[in-house]
Amino acid sequence: MTSLFSFFGSALFFMALCFALLQVKRWGRMWVVAYVVVSVLLIIPINHWLVIEFIRGYVSDLSMATLFMCGLYLWQVIRPDAKKTQVSLHWFVIGIALVLYPMSMGLTQFDPFAMGYSGNHLYNVLLLISTALGLLAWFMRWQHLATVIMLAVIANGFQLYESQNFWVYLIDPIAVIMCLVSVLLKGCCVLFDRSKTLDIKNV
């Protein structure tokens with residue numbers, strides 16, 4: 001079960017990555033061709049190993065944040081009118097990463113990553129806080145953020161991965177990179193639009 005879900009996550013990530021690189025959004029209804037090609041690529045054997053197995057070896061188990069954003073991107077390819085990932089999810093992932101990763105790498109004596117293990121005395125507190133944040137996000141209409149948190153709680157409860165740590169289900173470095181790139185691109189677009197507005201006013 002754990003391997004099956006991991007392979008599914010790796011395939012979803014690889015397909016989203018290929019679609020982004022190939023700009024499949026511009027293909028219109030021809031996205032089906034890209035889907036077929038990428039699906040075939042995933043099961044090509046190389047030295048008795050499938051490509052999807054190599055991908056899983058490189059990216060490991062992907063968090064619910066990564067899977068959700070990849071799935072939402074693919075859905076936008078199929079349905080161009082679909083909503084994009086809400087900014088609240090981007091800032092949540094970036095904020096958690098700014099706290100979690102530096103502290104876990106020895107910046108302080110407290111290791112928050114250890115809280116994610118069920119044997120830790122703060123594990124239940126972490127789950128309660130996460131659930132409360134998910135409910136708060138839902139009431140604030142940050143549905144994407146609420147969905148990711150609840151998926152992480154449920155996936156952790158069912159132990160869909162070999163890892164026993166809750167943080168693994170919530171975020172990962174790939175999700176952080178995706179969110180940083182998205183925020184930076186949006187920031188650049190805002191600055192570009194403002195500069196164009198100023199140029200028009202000065203004419």
Side-chain angles (χ1 to χ4, degrees), residues 1-17 52 55-76 82-105 107-108 110-183:
M1 179 66 178
T2 56
S3 297
L4 183 62
F5 194 79
S6 294
F7 283 130
F8 166 77
S10 299
L12 188 68
F13 169 73
F14 182 71
M15 186 164 292
L17 180 62
I52 190 174
I55 297 170
R56 186 198 175 197
Y58 281 111
V59 302
S60 188
D61 295 331
L62 297 171
S63 68
M64 296 302 110
T66 297
L67 297 184
F68 180 81
M69 287 187 286
C70 287
L72 193 60
Y73 174 77
L74 292 174
W75 181 244
Q76 290 167 12
K83 292 183 179 179
K84 296 182 179 180
T85 306
Q86 294 175 343
V87 180
S88 57
L89 176 57
H90 293 153
W91 284 114
F92 173 79
V93 171
I94 293 171
I96 291 293
L98 289 174
V99 175
L100 177 64
Y101 292 132
M103 293 180 69
S104 298
M105 290 187 290
L107 185 63
T108 65
F110 176 69
D111 181 11
F113 192 78
M115 295 173 58
Y117 291 104
S118 58
N120 191 285
H121 64 285
L122 294 175
Y123 173 77
N124 291 330
V125 175
L126 176 61
L127 288 185
L128 286 174
I129 293 175
S130 299
T131 304
L133 286 175
L135 292 173
L136 177 62
W138 185 263
F139 284 116
M140 294 294 291
R141 295 185 179 180
W142 300 335
Q143 291 91 347
H144 293 174
L145 174 55
T147 301
V148 167
I149 293 175
M150 291 308 171
L151 284 175
V153 172
I154 294 170
N156 178 64
F158 282 101
Q159 292 296 303
L160 294 182
Y161 290 143
E162 295 176 357
S163 176
Q164 305 294 311
N165 195 298
F166 172 72
W167 292 114
V168 173
Y169 293 88
L170 185 61
I171 68 168
D172 58 49
I174 293 178
V176 178
I177 293 171
M178 291 169 65
C179 291
L180 283 172
V181 170
S182 180
V183 168

Exercise for review: Output yes when a side-chain donor or acceptor of Thr66 lies under 3.5 Å from a complementary backbone atom of Leu62, and no otherwise.
Suggested key: no

Revision key, fill the gap. Closest non-hydrogen contact found for Tyr169 with Ser163 is OH-O, 3.1 Å

**Study point:** Between CD1 on residue Ile55 and CG on residue Leu12, distance to nearest 0.5 Å
**Key:** 11.5 Å

Check your understanding: Within a strict 4.5 Å, meaning less than it, do heavy atoms of the Thr147 and Phe68 side chains meet?
Key -> yes

Point to revise | Heavy atoms of other groups near Phe139 CZ, more than 12 under 6.0 Å | key: no

Check your understanding: Can you tell me how far the OH atom of Tyr117 sits from the CG atom of Leu126, to the nearest 0.5 Å?
Key -> 12.5 Å

Review point. Does a side-chain heavy-atom distance below 4.5 Å link Thr85 with Tyr73?
Key: no

Check your understanding: Does the Asp172 side chain pair with the main chain of Ser63, one donor and one acceptor, at a distance under 3.5 Å?
Key -> yes

Practice item. Could you tell me whether the side chain of Gln76 and the main chain of Lys83 form a donor-acceptor pair under 3.5 Å? Key: yes

Review point. Is any side-chain heavy atom of Tyr101 less than 4.5 Å from a side-chain heavy atom of Ile96?
Key: no

Check your understanding: Any idea which heavy atoms bring Ala146 and Trp138 closest together, and the distance?
Key -> CB-N, 3.7 Å

Practice item. Please report the closest heavy-atom contact between Ala65 and Ala175, naming both atoms and the distance. Key: CB-CB, 4.0 Å

Review point. For the atom pair CG (Leu135) and CE (Met140), what is the distance rounded to the nearest 0.5 Å?
Key: 13.5 Å

Review point. Of all heavy-atom pairs between Asp61 and Glu162, which one has the smallest distance, and what is that distance?
Key: OD2-N, 4.2 Å

Study note, to complete from the structure: Separation between NE2 (His144) and CD1 (Ile149), nearest 0.5 Å, reads 13.0 Å

Check your understanding: Does Ala155 offer a backbone N or O that forms a donor-acceptor pair with the side chain of Tyr161 under 3.5 Å?
Key -> no

Check your understanding: So do the side chains of Ser6 and Phe8 get within less than 4.5 Å of each other, counting heavy atoms only?
Key -> no

Check your understanding: Any side-chain heavy atom of Gln159 within less than 4.5 Å of one from Asn156?
Key -> yes

Exercise for review: Measure the CG-CD1 distance between Leu89 and Ile94 for me, rounded to the nearest 0.5 Å.
Suggested key: 9.5 Å

Practice item. Using atom types as modelled and distance alone, determine if a side-chain donor or acceptor of Ser88 lies under 3.5 Å from a backbone N or O of Trp142. Key: no

**Study point:** Criterion side-chain contact (heavy atoms from CB on, under 4.5 Å) on Phe14 and Arg56, from CA distance to verdict
**Key:** CA-CA 10 Å; Phe14 182 71; Arg56 186 198 175 197; over 6 Å; no

Check your understanding: Do Met69 and Val148 have side chains that get closer than 4.5 Å, going by heavy atoms?
Key -> no

Check your understanding: Under 3.5 Å, side chain of Trp91 to main-chain N/O of Cys179, donor-acceptor pair present?
Key -> no

**Study point:** Criterion side-chain contact (heavy atoms from CB on, under 4.5 Å) on Leu127 and Phe166, from CA distance to verdict
**Key:** CA-CA 8 Å; Leu127 288 185; Phe166 172 72; 3.8 Å; yes

Study note, to complete from the structure: Between the CE atom in Met103 and the CZ atom in Phe113, the distance rounded to the nearest 0.5 Å is 13.5 Å

Check your understanding: Is a donor on one side and an acceptor on the other found under 3.5 Å between the side chain of Gln164 and the backbone of Ser118?
Key -> no

Review point. So, does Ser104 use its side chain to make a donor-acceptor pair with the main chain of Leu100 at under 3.5 Å?
Key: yes

Check your understanding: Looking only at atom types and distance, does a side-chain atom of Tyr123 sit under 3.5 Å from a main-chain N or O of Ala114, one as donor and one as acceptor?
Key -> no

